[in-house]
Amino acid sequence: MNNNEKMAELLLPSIDKTPDYYENLYPARELKEGARVTRIAPSPTGYLHLGTLFAALVNRITATSSGGIFYTRIEDTDKKREIEGGIADIIDGLGRFGITIDEGFTGADEQYGNYGPYKQSQRAEIYQTYVKELIRQGLAYPCFCTAEELDKVRKIQEDRKIRTGYHGEWAKHRNITFEEAKKLIDEGKTYVVRLKSPGSEENTVVFDDCIKGKIEMPENDEDFVILKSDGIPTYHFAHAVDDHLMRTTHVLRGDEWISSVPKHIQLFKLLGFKPPKYGHIAPIMKLDGGAKRKISKRKDPEAAVHFFAEEGYDSQSVIEYLMTVAASDFEDWRKANPDKSYKDFKFNLKKMSVSGALFDSDKLNNVSKTVVSSFDSACVYDKLTKWAKEFDPEFCAVLTENPEYTRAVLSIDRDVPKPRKDIAKWNEAKDYFSYFFDSLYKKDFSLPENVSSADAKLFLQKYKEVYDPSDDRQLWFDKIKAIAPEIGFASETKEYKAEPDKFKGHAGDLSTVLRIAVTGRRNTPDLCSIMRVLGKERCISRIDDALNSL
RNA sequence: GGCCCGGUGGUCAAGAGGCCUAAGACACCGCCCUUUCACGGCGGUAACACGAGUUCGAAUCUCGUCCGGGUCACCA
């Protein structure tokens, strides 16, 4: 045994497998030419974040459109930051947004597939096998520096204004001998394993990013940590081993990773792996004061995807919005294919924005109105009551008290060829539909400026006499038109516009009076339909109420 | 500070040396349609960060300046 081999045995005595074992265990995937294998590798340190959802979407659609595989892997190598229920929240969250998972974690405790386990804490032995091999080849070594020592070194480097980090002559244990290591271990000292980087800052590494294009950076010369003192690898090392063994073809991740690519490429090379294609996704930004910054879990409510559920955005709306952010040509496609699933869109990573886009809630609302307008009333009933049940139980009780009635309310101007685009999120619904429910109804009889209270009363009086709930839309309005001239209003808007001085207003103003009397507001969907749903009794009583109050 | 990346209307963006007198979408404004509102249709305000250079010609290529973002852990 040479010294490297002795070192390997000293540090990882219990590892008895070799990389070959795993290479055979996880053979190349049999997929058709061009199929892309992608993944999302969240760490369960918090709840599902907008950025994670966005990355998942991009990975998902990249796999889908190439006939490939999209899988999930849990990166739980940092036990200190892990939170309870984190995995479930992330995986279930993706499910709620319709992101299907082909392989890997499909639930908090469920994993599926031939390339597992898909949780890094269950893969310690695999990583250690590869670390052992690196040590054997003299490409990794133990480092016994404490955090304090490392701090001190960095201070010195800062003072001397030289590049900080554990590299070159600053790599204290780079050439540690077997005997020295053994002595320190026998003394009970803890250590990490570092890569013995053969790189030099003088060299440049070039890679072609699927999203950002060609990027050049200095080669990595830092002896970064690959195995932490607890025997668990760092992200960098786990990424190389996992994405190789799981046969990932495209690593599409947040662009905060871009600066570590030289490390990763070096690792792949040293381990004898073929590097995947990288694509670095620009973050979704937010305006804070005057400054643009990455949307943050801690500061921004909309960073946690849960926020959208609370607001009552349909998951489709959020996905649709995210697609417009992901692909600059998506909106044109959508216009041409209004009824297709976004999954049929030919997604091209090259069309992705290179720099971060500001989160635009106006745009989200606009997109969402279109999405919601495509739902029929039965669908809206289900979605709305489901939302209300969780976030506004009182409203839910009101909605479900008489389901047939609520369905009729929801179908107004909806189950028609050109449905209204008026609701973006369910938390707007309570106010929007309030006048249909006596317990929520708030009367407000403020009249338009050109209608006197006397004329309004006169009109309502006359209208009551001819009101018939069975009238169709045409007849309904004809009756209002018929009354108009009797109180000095024009029957036709054109008439009024032609000679405004001859009239007090037009029939439209009178319909507004009726609208105010019946619904307490000036703007509503089609009043005739509303009155029909409201029923004669309620309409008459509200008109009477208005008559008394005006 | 070092290293990366990026700067086109308020926002998202098309744009690959002449097709740019710079698309489209959201927001905003006006008009039309109209029982109100919304939808829809038509129109409008509004942008190539700055300075040099290359070129017959630059939003597009080069350099510099400025500004913004990311990253420099036993975190991912």
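Numbered from 1 within each chain, the chains take letters A, B, ... in sequence-line order.
Checked by distance alone, A:Arg515 brings no side-chain donor or acceptor within 3.5 Å of a matching partner on the base of B:C37. Taking 3.5 Å as the limit, the base of B:U36 and the side chain of A:Arg521 contain no donor-acceptor pair of atoms between them. A donor and an acceptor atom sit less than 3.5 Å apart, one in the side chain of A:Asp526 and one in the base of B:U35.
Here the separation of B:U60 from B:U54, taken at their P atoms, is 15 Å to the nearest Å. The separation of B:U45 from B:G57, taken at their P atoms, amounts to 31 Å, rounded to a whole angstrom. The separation of B:U65 from B:C19, taken at their P atoms, amounts to 31 Å, rounded to a whole angstrom. Atom P of B:A47 sits at a distance of 12 Å from the matching atom of B:U11, rounded to the whole Å. The gap from the C1' atom of B:G24 to that of B:G43 amounts to 16 Å, rounded to the nearest Å. B:C67 and B:C50: their P atoms are spaced 15 Å apart (whole Å). Taking atom C1' on both nucleotides, B:A25 is separated from B:U21 by 22 Å, rounded to a whole Å. To the nearest whole angstrom, the two P atoms, one in B:G40 and one in B:C26, are 8 Å apart.
At a threshold of 4.5 Å between non-hydrogen side-chain atoms, the residues A:Arg414 and A:Pro525 do not count as touching. Taking 4.5 Å as the limit, every side-chain heavy atom of A:Phe237 sits out of range of all side-chain heavy atoms of A:Val193. For the pair A:Asp223/A:Trp170, no side-chain contact is recorded, criterion being any heavy-atom separation below 4.5 Å from C-beta on. Counting heavy atoms from C-beta outward, A:Trp476 and A:Ile480 have side chains that approach closer than 4.5 Å. Contact check for A:Lys340 versus A:Trp333: side-chain heavy atoms found under the 4.5 Å cut-off. A:Phe224 is listed as a side-chain neighbour of A:Leu267, based on a closest heavy-atom distance under 4.5 Å. A:Thr77 places none of its side-chain heavy atoms less than 4.5 Å from the side chain of A:Thr234.
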Summarise protein proximity over nucleotides 67-76 of chain B in one line of letters, 5' to 3': B for base, S for sugar-phosphate only, - for none, counting protein heavy atoms closer than 4.0 Å.
-SSSS--BBB
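As rounded to whole Å, 16 Å separates atom P of B:U35 from atom OH of A:Tyr496. For the pair A:Lys350 NZ and B:G15 P, the interatomic distance rounds to 13 Å; values are reported in whole Å. Taking atom NZ of A:Lys494 as the reference point, atom P of B:C32 lies 10 Å away to the nearest angstrom. Whole-Å rounding puts the A:Leu322 CG to B:A13 P distance at 13 Å. Between the CG atom of A:Leu364 and the C1' atom of B:A25 there is a distance of 14 Å, given to the nearest Å. Atom C1' of nucleotide B:U36 and atom CE of A:Met531 are separated by 14 Å, given to the nearest angstrom. A straight line from CG of A:Leu514 to C1' of B:C37 spans 15 Å, rounded to a whole angstrom. With rounding to whole Å, A:Phe224 atom CZ is found 16 Å from B:C3 atom C1'.
The nucleotide B:U36 finds no pairing partner, because no Watson-Crick or G-U wobble arrangement with both distances shorter than 3.5 Å includes it. Across every strand in view, B:G24 sits in a pair with B:C12 that passes the Watson-Crick or G-U test at under 3.5 angstrom. Nucleotide B:G1 forms a Watson-Crick or G-U wobble pair with B:C72, both donor-acceptor distances falling under 3.5 Å. Applying the Watson-Crick and G-U wobble criteria (two distances, each under 3.5 Å), B:A52 pairs with B:U62. Pairing of B:G17, defined by two Watson-Crick or G-U wobble distances under 3.5 Å, is not identified with any nucleotide.
For A:Glu331 and A:Leu527, each mapped to the nucleotide of RNA chain B holding its nearest heavy atom, the one lying further toward the 5' end belongs to A:Glu331. Of the residues near RNA chain B, A:Glu201 and A:Met352, the one whose nearest nucleotide (by heavy atom distance) lies more toward the 5' end is A:Glu201.
In terms of phosphate contacts, A:Asn366 brings no side-chain nitrogen or oxygen within less than 4.0 Å of OP1 or OP2 of B:A25.
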Is there a side chain to side chain donor-acceptor pair (under 3.5 Å) between A:Ser317 and A:Ser368? Walk through the geometry before answering.
CA-CA 5 Å; A:Ser317 302; A:Ser368 190; 2.8 Å; yes
Might you work through the salt bridge (Lys or Arg N to Asp or Glu O under 4.0 Å) test for A:Arg73 and A:Asp243, ending with a clear yes or no?
CA-CA 10 Å; A:Arg73 178 173 76 224; A:Asp243 282 313; 3.0 Å; yes
With side chain to side chain donor-acceptor pair (under 3.5 Å) as the test, would you mind laying out the steps for A:Tyr127 and A:Asp242 before giving the verdict?
CA-CA 9 Å; A:Tyr127 304 123; A:Asp242 290 343; 2.7 Å; yes
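Proximity of a side-chain donor or acceptor of A:Asp209 to a complementary backbone N or O of A:His280 within less than 3.5 Å is detected. Checked by atom type and distance alone, the side chain of A:Asp89 pairs as donor or acceptor with a backbone atom of A:Leu48 at under 3.5 Å.
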N/O to N/O distances under 3.5 Å, protein versus nucleotides 40-48 of chain B:
unit_1, atom_1, unit_2, atom_2, d
B:G40, OP1, A:Lys421, NZ, 3.4

Please tabulate, one pair per line, each protein N/O and nucleotide N/O from nucleotides 29-31 of chain B that are separated by under 3.5 Å, including the distance.
none

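Closest to the side chain of A:Leu358, from the set B:U11, B:C5, B:U36, is B:U11. When distances run from any side-chain atom of A:Arg473 to the nucleotides B:U35, B:U36, B:C12, the shortest one goes to B:U35. If you check B:A25, B:C4, B:A27 against the side chain of A:Ile215, the one that comes closest is B:C4.
Among A:Lys155, A:Lys189, A:Lys172, A:Arg154, the single residue meeting the salt bridge (charged side-chain N to carboxylate O under 4.0 Å, His left out) criterion with A:Glu149 is A:Lys172. Remark: of the listed residues A:Glu158, A:Glu201, A:Glu222, A:Glu201 is the sole one forming a salt bridge (charged side-chain N to carboxylate O under 4.0 Å, His left out) with A:Arg163.
Residue-level contact check: A:Thr524 touches the bases, meaning some heavy atom is under 4.0 Å from a base atom. At a threshold of 4.0 angstrom between heavy atoms, the contacts of A:Glu216 are confined to the sugar-phosphate backbone, with no base atom among them. Among the protein residues, A:Ala507 comes within range of no part of the nucleic acid, since none of its heavy atoms lies under 4.0 Å from any strand. Residue contacts shown for A:Arg163 are absent, as no nucleic acid heavy atom lies under 4.0 Å away.
Side-chain contact, A:Arg39 with A:Thr248: no donor N or O sits under 3.5 Å from an acceptor N or O.
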